[in-house]
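First comes the structure, then the notes that go with it.
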There are 2 protein chains.
Amino acid sequence: MSTRREAVKQALNEASGFRSAQDLYADLRAEGSKIGLTTVYRALQALSDSGEVDVLRTGEGEAVYRACASDAHHHHLVCRGCGRAVEVEGPAVEKWAEAVGAKHGFTEVTHTVEVFGTCADCSARAN
Amino acid sequence: MSTRREAVKQALNEASGFRSAQDLYADLRAEGSKIGLTTVYRALQALSDSGEVDVLRTGEGEAVYRACASDAHHHHLVCRGCGRAVEVEGPAVEKWAEAVGAKHGFTEVTHTVEVFGTCADCSARAN
DNA sequence: GCCGAAAACGAAAATGATTGTCAAAATAGC
DNA sequence: GCTATTTTGACAATCATTTTCGTTTTCGGC
Ligand SMILES: [Zn+2]
Ligand SMILES: [Zn+2]
Ligand SMILES: [Zn+2]
Ligand SMILES: [Zn+2]
């Protein structure tokens with residue numbers, strides 16, 4: 001893993017929530033790095049290809065990334081206010097998705113599941 | 001509802017799966033309409049605002065729309081091959097999402113759930 | 001340490017979906 | 001018919017992401 005890619009992963013590790021390529025680029029430049037935007041995109045592409053980071057789409061269609069602690073399949077509970085994310089599991093959901101696919105004759109069934117909300121801190125701050 | 005918006009909704013009704021604004025624009029032009037791309041975007045915006053159509057994002061971040069039969073909250077089982085979509089319900093998933101949010105102190109909990117697979121027809125065609 | 005191939009970089013241009021602008025066209029009320 | 005309002009659509013502008021293409025680094029072999 002190259003130094004630059006290492007830096008991108010590092011920046012992701014320091015964040016608790018999902019961050020976009022543009023966010024990470026800004027973070028890195030802010031701390032003095034001379035990294036280019038193209039390289040940030042390439043690093044994120046490689047990291048998500050190798051499964052080292054999770055990626056999902058915001059409601060506006062922007063790709064956001066996160067370095068998750070768990071290697072296993074999981075989903076996220078994401079705060080709409082601060083972006084903080086909690087890794088969650090849902091055996092019931094996994095079974096349901098499989099069953100739904102099978103029931104309608106679909107094969108190679110996969111799924112996307114994300115839960116959004118306002119975290120306790122953000123709720124408090126709003127008062 | 002204006003004639004043009006009516007036309008967009010009509011085009012969506014004729015499709016069984018999710019379609020992008022560009023897809024619908026192409027469909028309408030193909031059948032002779034002189035509608036503009038901007039108008040298609042505006043119609044879809046209005047239709048989704050009023051809840052008449054469902055919208056979701058493809059893995060590439062493109063917005064796709066569908067005129068669903070059900071007014072109630074539901075999810076979709078979508079074919080990766082032909083785009084065909086089936087409306088599905090999952091009470092267990094609804095409860096799970098709520099519980100997960102509550103457990104971590106999140107409020108105003110919402111969720112996105114989509115199931116993807118290859119439909120029977122597409123599986124057969126691949127043989 | 002030195003050399004050339006291969007990999008990594010990054011600036012700038014290209015892409016592609018979506019949105020903003022604004023004048024022309026359709027529509028409604030009178 | 002006639003003016004006020006809404007809708008429309010060609011075109012420009014945005015913005016995230018991808019391509020392109022020299023330049024710089026890295027690295028194995030010497
Ligand atoms: Zn928060
Ligand atoms: Zn899952
Ligand atoms: Zn299919
Ligand atoms: Zn649901």
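Per chain, numbering begins at 1; letters A, B, ... match sequence-line order.
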Check: What is the 5' to 3' range of DNA chain C, first to last nucleotide, that sits under 4.0 Å from any heavy atom of chain B?
Finding: dA17(C) to dG20(C)

Checklist line | Distance-only donor-acceptor check, side chains Ser50(A) and Glu52(A), under 3.5 Å | finding: yes

Item checked: Interface limits on DNA chain D, where chain B has a heavy atom under 4.0 Å of a nucleotide atom -> dT7(D) to dC11(D)

Margin query: Below 4.0 angstrom, which residues in residues 25-39 of chain B have at least one non-hydrogen atom near DNA chain D?
Written below: Lys34(B), Ile35(B), Gly36(B), Thr38(B), Thr39(B)

Notebook entry, point to check: How about Arg57(A) and Thr58(B): do any of their side-chain heavy atoms sit closer than 4.5 Å?
Noted result: no

Note to self: When you compare the side chain of Val88(B) with that of Lys103(A), does any pair of heavy atoms fall below 4.5 Å?
What the structure shows: no

Notebook entry, point to check: Heavy atoms under 4.0 Å, any strand shown: does Arg4(A) hit a base, just sugar-phosphate, or nothing?
Noted result: sugar-phosphate

Show which side-chain atoms of residues 72-83 of chain B pair as donor or acceptor with protein atoms under 3.5 Å away, not counting sequence neighbours.
from, atom 1, to, atom 2, distance (Å)
His73(B), NE2, His75(B), NE2, 3.1
His73(B), NE2, Glu94(B), OE1, 3.0
His73(B), NE2, Glu94(B), OE2, 3.1
His73(B), NE2, His111(B), NE2, 3.2
His74(B), ND1, Ala72(B), O, 2.8
His74(B), NE2, Asp54(B), OD2, 3.2
His74(B), NE2, His76(B), NE2, 3.2
His75(B), ND1, Val113(B), O, 3.1
His75(B), NE2, Glu94(B), OE2, 3.0
His75(B), NE2, His111(B), NE2, 3.2
Arg80(B), NH1, Thr110(A), OG1, 3.1
Arg80(B), NH2, Glu108(A), O, 2.4

Notebook entry, point to check: Can you list every salt bridge (Lys or Arg N to Asp or Glu O under 4.0 Å) pair that touches residues 14-29 of chain A, not counting sequence neighbours?
Noted result: Arg19(A)-Asp23(A), Arg19(A)-Asp27(A)

Check: Does any pair with a residue in residues 33-42 of chain A pass salt bridge (Lys or Arg N to Asp or Glu O under 4.0 Å), and if so which ones, sequence neighbours excluded?
Finding: none

Item checked: Upstream residue (5' side of DNA chain C) when Arg42(B) and Arg57(B) are each assigned their closest nucleotide -> Arg57(B)

Check: Are side-chain heavy atoms of Thr112(A) and Phe116(B) found at a separation under 4.5 Å?
Finding: yes

Next item on the list: Could you walk me through whether Leu12(B) and Leu44(B) pass side-chain contact (heavy atoms from CB on, under 4.5 Å), step by step?
Entry: CA-CA 10 Å; Leu12(B) 259 183; Leu44(B) 290 171; 4.0 Å; yes

Checklist line | Note, Arg4(A) side chain near Ser33(A) side chain (heavy atom, < 4.5 Å) | finding: yes

Item checked: Minimum side-chain heavy-atom gap Leu47(B)-Tyr65(B) below 4.5 Å -> no

